[in-house]
Amino acid sequence: MPAFPGRARPVPGGGHRGAERADRSPRRDGRPRGAVAHAPWPADRLRAKRRWPVERSRGLKLVTGIPYRFDRTATAADVTHQGADLEPGGESGQEVSVAGRVMLSRPQGRLAFAELRDSSGAVQLMALHALTEDFEAFTRLRLGDWIGARGEVIRTKRGEVSVKVAEWCLLAEARRSFGDKWRGVTDIETRFRQREVDLWANEASRKVLLLRSNMLRRLRQRLWDEGFVEVETPILHPIPGGAHARPFVTHHNALDADLYLRIAPELYLKRLVVGGFEKVFEVGRLFRNEGLSPRHNPEFTAIELYQAYADYTDLMVLVEELVSGLAGDLLGTTSLVYQGRPLDLTPPWRRATLVELVAEATGRDVGVHVPVAELRRVLRDEGVPFEEAWGPGKLLLELYEKTTEASLWGPVFVCDYPAEVSPLARRHRDDPTLVERFEPVVAGRELGNAFSELTDPDDQRARFEAQAAERAAGDDEAMPVDEEYLQAMEYGLPPTAGLGIGIDRLAMILADVANIREVIAFPTLRPER
RNA sequence: GCGCCUCUAGCUCAACGGCAGAGCAACGGACUCUUAAUCCGCAGGUUUCGGGUUCGAAUCCCGAGGGGCGCACCA
C-alpha cells in the first residue's frame with residue numbers, strides 16, 4: 001500500500017541510511033523502560049511529579065512500532081480545499097494520507113472523531129468501527145499524539161469536511177499533557193521555558209514566529225533584489241567594538257585568548273567595503289551584556305547594511321521603503337495599529353533634528369553650542385540626572401532620551417546627533433560638532449541607527465582615543481582603539497552610508513506585540529536552579 | 001542591581017486563619033455524526049523551598065528560589 005507507508009519496511013539500499021539503521025527489529029512488547037526511567041537531571045522535579053503512564057495503550061497494537069517515515073499526500077488545508085464542494089454526507093472518492101497532531105478526540109462508541117492539526121491547519125478525522133483498522137486504539141488516542149491516517153475525503157452529515165479513516169498509525173505518543181484544551185497554556189514562565197508547549201497550545205505564538213520568519217525572508221529578498229551581497233563576519237571578536245555596550249567575554253583555549261561575543265558587526269562590514277563590496281549586509285545575532293526588559297534580550301538579531309557612494313539621506317529613503325514594504329508584504333497595509341494605537345508607516349516619514357524634537361517635547365531651546373553650564377541647568381530642571389564628566393553632546397543626548405524619545409510615536413527620523421557620542425559617524429557637512437546620523441523611531445523606541453560613515457582615518461583615530469579616554473575614566477561601554485580597523489581605513493573607505501535595524505523590534509511592531517520575548521523562539525531566562 | 005506584584009493537581013483557576021476544591025486533561029466504562037460532544041465512575045497535592053507566629057497556616061511574618069511589571073542599564 002504505497003500511499004500509506006506507515007507499515008512499509010525500510011527500502012533495502014534505497015532512501016536514506018537504510019543499511020545503517022541500528023534498530024532493525026521492531027519493539028514487540030513495549031518500549032524499553034530505561035529510555036524514560038533513567039531521567040537524567042534535570043529530568044527535573046516536574047517530571048517526577050507527573051504521573052503519565054509510561055506505557056500506554058496496553059493491549060493495543062500501537063506499540064508494535066513507530067514507522068521511520070510517512071508519505072503524506074495532503075495537508076489539512078489541502079483536505080479542506082478538496083472537500084469544499086461536497087454536500088453534507090457527501091463522499092469525494094478521493095483518498096488522502098494526512099499526518100499531524102491530535103488536538104481533540106471525541107470517541108463515541110462505534111464512531112469516533114478526532115481533530116488533526118498540522119502546520120497548514122486542522123482537519124477532522126472520522127473513524128468507524130466497521131471500517132477503521134485498530135478502531136479501539138483510535139478511540140484511545142490522547143491529546144498531543146501524532147498520527148498518520150489514510151482515508152477518503154468526505155463531508156459529515158453535520159457538514160464538516162473530514163477524512164474517513166481506513167488505516168492509521170501512531171507517529172509519536174504524547175507522554176506529557178499539553179495543557180488545557182480550551183484555554184491552552186497561559187502561564188508566562190511555562191510559555192517561554194517550554195516554548196514547544198506554548199507553540200502547540202497557542203496559535204498566536206505560532207503566528208508571531210511565522211511572521212518573523214516571513215519578515216526575514218522578505219527583507220533578504222528585497223536587499224538581494226537591490227544588489228546587496230549577504231555576508232557573514234565574525235561573532236568572536238578580539239576587541240569589542242562598533243557600539244556602546246558591555247560585551248560577553250569568552251575564552252579560546254588553544255589560543256589562550258579572551259574573545260568577546262560581538263556587540264556589533266559594524267567594523268568588519270566596513271572593512272568589506274574597503275575590500276570592494278559596495279553593497280553588503282549581514283543579518284545576525286548580537287550579544288550585549290545588559291539587563292533584560294520587555295524590549296531587551298541579551299542576544300538579539302540585527303541587520304546591518306553598508307552602501308558605498310551613499311549618505312544618510314539615501315538610507316532614510318531605504319528604511320522607509322524597507323519597513324513600509326515589509327508591512328505591505330506581510331500585513332497587506334502600511335497603516336497599522338500597534339498596541340491599540342494607529343501607526344502609519346506609509347512613506348515619507350517625518351525628518352526632524354534631535355534638537356528640534358527636544359524643543360518640541362520640552363520647550364527648551366538647546367543645542368551642542370549651548371554652554372555646558374546652561375545645559376546642566378536644563379537637565380536639572382527636567383529632572384534628568386547627569387555626571388560631571390559629560391560634555392555638551394552627552395548631556396544633549398541624555399536630555400533627548402529621557403524627555404523626548406518615548407513620546408515620539410513616529411515614525412520619525414531623528415537626525416543629526418552630537419559628534420561626541422557618535423565615534424564612528426562622519427561629521428555633519430554643515431556643523432562639525434554634529435554627525436550625519438539618524439535613528440528611525442517608531443512607537444517611542446529606536447528601531448535602528450544609521451549614519452554617513454566616518455571615512456577619515458585620522459579623525460577616526462582621534463575619536464577612538466577620546467573613547468579610550470572615557471573607557472579609562474571608568475566607562476566600560478566605551479570603545480577601545482581598534483588598530484586593525486584604523487589600518488583598514490587607511491587603505492581607503494569611500495563615502496559610505498551604514499544602517500542597523502533591530503530585527504526583533506521590527507518584528508514586534510509588525511506582529512503587534514509588546515514583549516520582545518514573543519518574537520524570539522527561545523528568549524533568555526534565568527536558568528532554573 | 002533596586003522596588004512592587006506573583007507562585008495551589010498535568011493545564012486553567014477557587015479556597016484568603018478552621019477538613020485543600022472545581023473545570024479541562026488523564027484513567028475505567030456507556031454511546032454510530034461529534035464540534036470545548038454528552039453521561040457514569042475513579043484517581044490526582046511536600047499549596048515553589050526553608051524557617052517562624054498560632055490550638056490550628058495555602059492563607060500572617062522572615063528568608064531563599066522562579067516569574068511578571070516598573071526603575072536602573074540599554075547612545
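In the text below, chain A, chain B and the rest are named by the order of the sequence lines, each starting its count at 1.
- Using modelled atom types, one finds no donor on one side chain facing an acceptor on the other under 3.5 Å when comparing A:Asp416 with A:Thr353.
- Among residues two or more places apart in sequence or in another chain, the side chain to side chain contact (heavy atoms under 4.5 Å, CB included) test is passed with A:Glu282 by A:Val231, A:Glu232, A:Thr233, A:Arg262, A:Pro265, A:Leu269.
- Sorted by first and then second residue, the salt bridge (charged side-chain N to carboxylate O under 4.0 Å, His left out) pairs with a member in residues 389-400 of chain A read A:Lys394-A:Glu398, A:Glu398-A:Lys402; sequence neighbours excluded.
- Residues passing the side chain to side chain donor-acceptor pair (under 3.5 Å) test with A:Glu382 are A:Arg364, sequence neighbours excluded.
- Look at CG on A:Leu111: it is 16 Å from P on B:U38, rounded to the nearest Å.
- Separating the C1' atom of B:U38 from that of B:C33 is a span of 14 Å, rounded to the nearest Å.
- Remark: A:Tyr268 engages A:His237 in a ring-ring contact (aromatic ring centres under 6.0 Å, His included) (not counting sequence neighbours).
- Using a 4.0 Å heavy-atom cutoff across all strands shown, A:Arg110 reaches at least one base atom of the nucleic acid.
- Annotation: salt bridge (charged side-chain N to carboxylate O under 4.0 Å, His left out) contacts involving residues 284-304 of chain A, sequence neighbours excluded, comprise A:Arg285-A:Glu299.
- Contact annotation: A:Arg193 side-chain N/O to B:G67 OP1/OP2 distance is under 4.0 Å.
- Closest approach to the A:Leu525 side chain among B:C73, B:U35, B:G67 is made by B:G67 (side chain taken as heavy atoms from C-beta onward).
- In RNA chain B, the stems built from three or more successive Watson-Crick or G-U pairs (distances below 3.5 Å) are B:1-7 with B:65-71, B:10-13 with B:21-24, B:27-30 with B:38-41, B:48-52 with B:60-64.
- Side chains of A:Ser452 and A:Glu436: a donor on one and an acceptor on the other come within 3.5 Å.
- Spacing of P atoms, B:U8 relative to B:C13, comes out at 9 Å, to the nearest Å.
- Using a 4.0 Å cutoff on non-hydrogen atoms, the parts of residues 386-399 of chain A near RNA chain B are A:Leu397, ordered by number.
- Within 6.0 Å of atom CD in A:Glu196, more than 12 heavy atoms from other residues, nucleotides or ligands are found, so the atom counts as buried in its surroundings.
- Rounded to whole Å, atom P of B:U35 lies 15 Å from atom NZ of A:Lys157.
- The side chain to side chain donor-acceptor pair (under 3.5 Å) test applied to A:Arg110 returns A:His129, not counting sequence neighbours.
- Donor-acceptor pairing under 3.5 Å, judged by distance alone, is present between the side chain of A:Glu160 and the base of B:U35.
- Contact annotation: A:Lys402 reaches the phosphate of B:C73 (side-chain N/O to OP1 or OP2, under 4.0 Å).
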Quick one: which protein N/O atoms are closer than 3.5 Å to N/O atoms of nucleotides 12-15 of chain B? Pair and distance per line, please.
unit_1	atom_1	unit_2	atom_2	d
B:U12	OP1	A:Thr186	N	3.0
B:U12	OP1	A:Asp187	N	2.8
B:U12	O3'	A:Thr186	OG1	3.3
B:U12	O2'	A:Arg183	NE	3.2
B:U12	O2'	A:Arg183	NH1	3.0

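- Rounded to whole Å, atom C1' of B:C31 lies 12 Å from atom CZ of A:Phe113.
- Distance CD (A:Glu189) to P (B:C11): 11 Å, rounded to an integer number of Å.
- Here the nucleotide nearest the side chain of A:Arg526, chosen from B:A36, B:G66, B:A72, is B:G66.
- Side-chain proximity of A:Met126 to the nucleotides B:C73, B:C33, B:U35 is greatest for B:C33.
- Judged as a ring-ring contact (aromatic ring centres under 6.0 Å, His included), and not counting sequence neighbours, A:His81 has no contacts.
- Remark: P of B:C27 and CZ of A:Arg140 are 9 Å apart, rounded to the nearest angstrom.
- Spacing between atom CD of A:Glu477 and atom C1' of B:C73 amounts to 7 Å, rounded to whole angstrom units.
- In the model, A:Ser205 has a side-chain atom that pairs as donor or acceptor with a side-chain atom of A:Arg191 under 3.5 Å.
- Distance noted for atom C1' between B:G3 and B:C16: 25 Å (whole Å).
- Listed by chain and number, the residues in a side chain to side chain contact (heavy atoms under 4.5 Å, CB included) with A:Val161 are A:Val79, A:Val153, A:Arg155 (sequence neighbours excluded).
- Atom name C1', nucleotides B:C39 and B:C55: the rounded distance is 45 Å, in whole Å.
- Nucleotides B:C71 and B:C61 place their P atoms 27 Å apart, quoted to the nearest Å.
- Nucleotides B:G45 and B:A22 place their C1' atoms 15 Å apart, quoted to the nearest Å.
- Toward the 5′ end of RNA chain B lies the nearest nucleotide of A:Leu143, the other residue of the pair A:Leu143 and A:Pro423 mapping further downstream.
- Residue A:Leu292 contributes atom CG, which lies 11 Å from atom P of B:G1 at whole-angstrom precision.
- In this entry the distance linking CZ of A:Arg191 with P of B:G10 reads 21 Å, nearest Å.
- Residues passing the ring-ring contact (aromatic ring centres under 6.0 Å, His included) test with A:Trp349, sequence neighbours excluded: A:Phe413.
- Side chain of A:Pro294, nearest nucleotide from B:U35, B:C69, B:A37: B:C69.
- Residue A:Arg106 places no side-chain N or O under 4.0 Å from the OP1 or OP2 atom of B:A36.
- Under 4.0 angstrom from either OP1 or OP2 of B:U38 there lies no side-chain N or O belonging to A:Gln108.
- Within 4.0 Å of A:Glu115, counting heavy atoms only, lies no atom of the nucleic acid at all.
- Residue contacts for A:Leu128: at a heavy-atom cut-off of 4.0 Å it reaches a base atom on one of the strands shown.
- Comparing A:Asn515 and A:Gly291 against RNA chain B, the residue whose closest nucleotide sits nearer the 5' end is A:Asn515.
- A:Arg437 contributes no side-chain N or O that, together with a main-chain N or O of A:Ala425, makes up a donor-acceptor pair within less than 3.5 Å.
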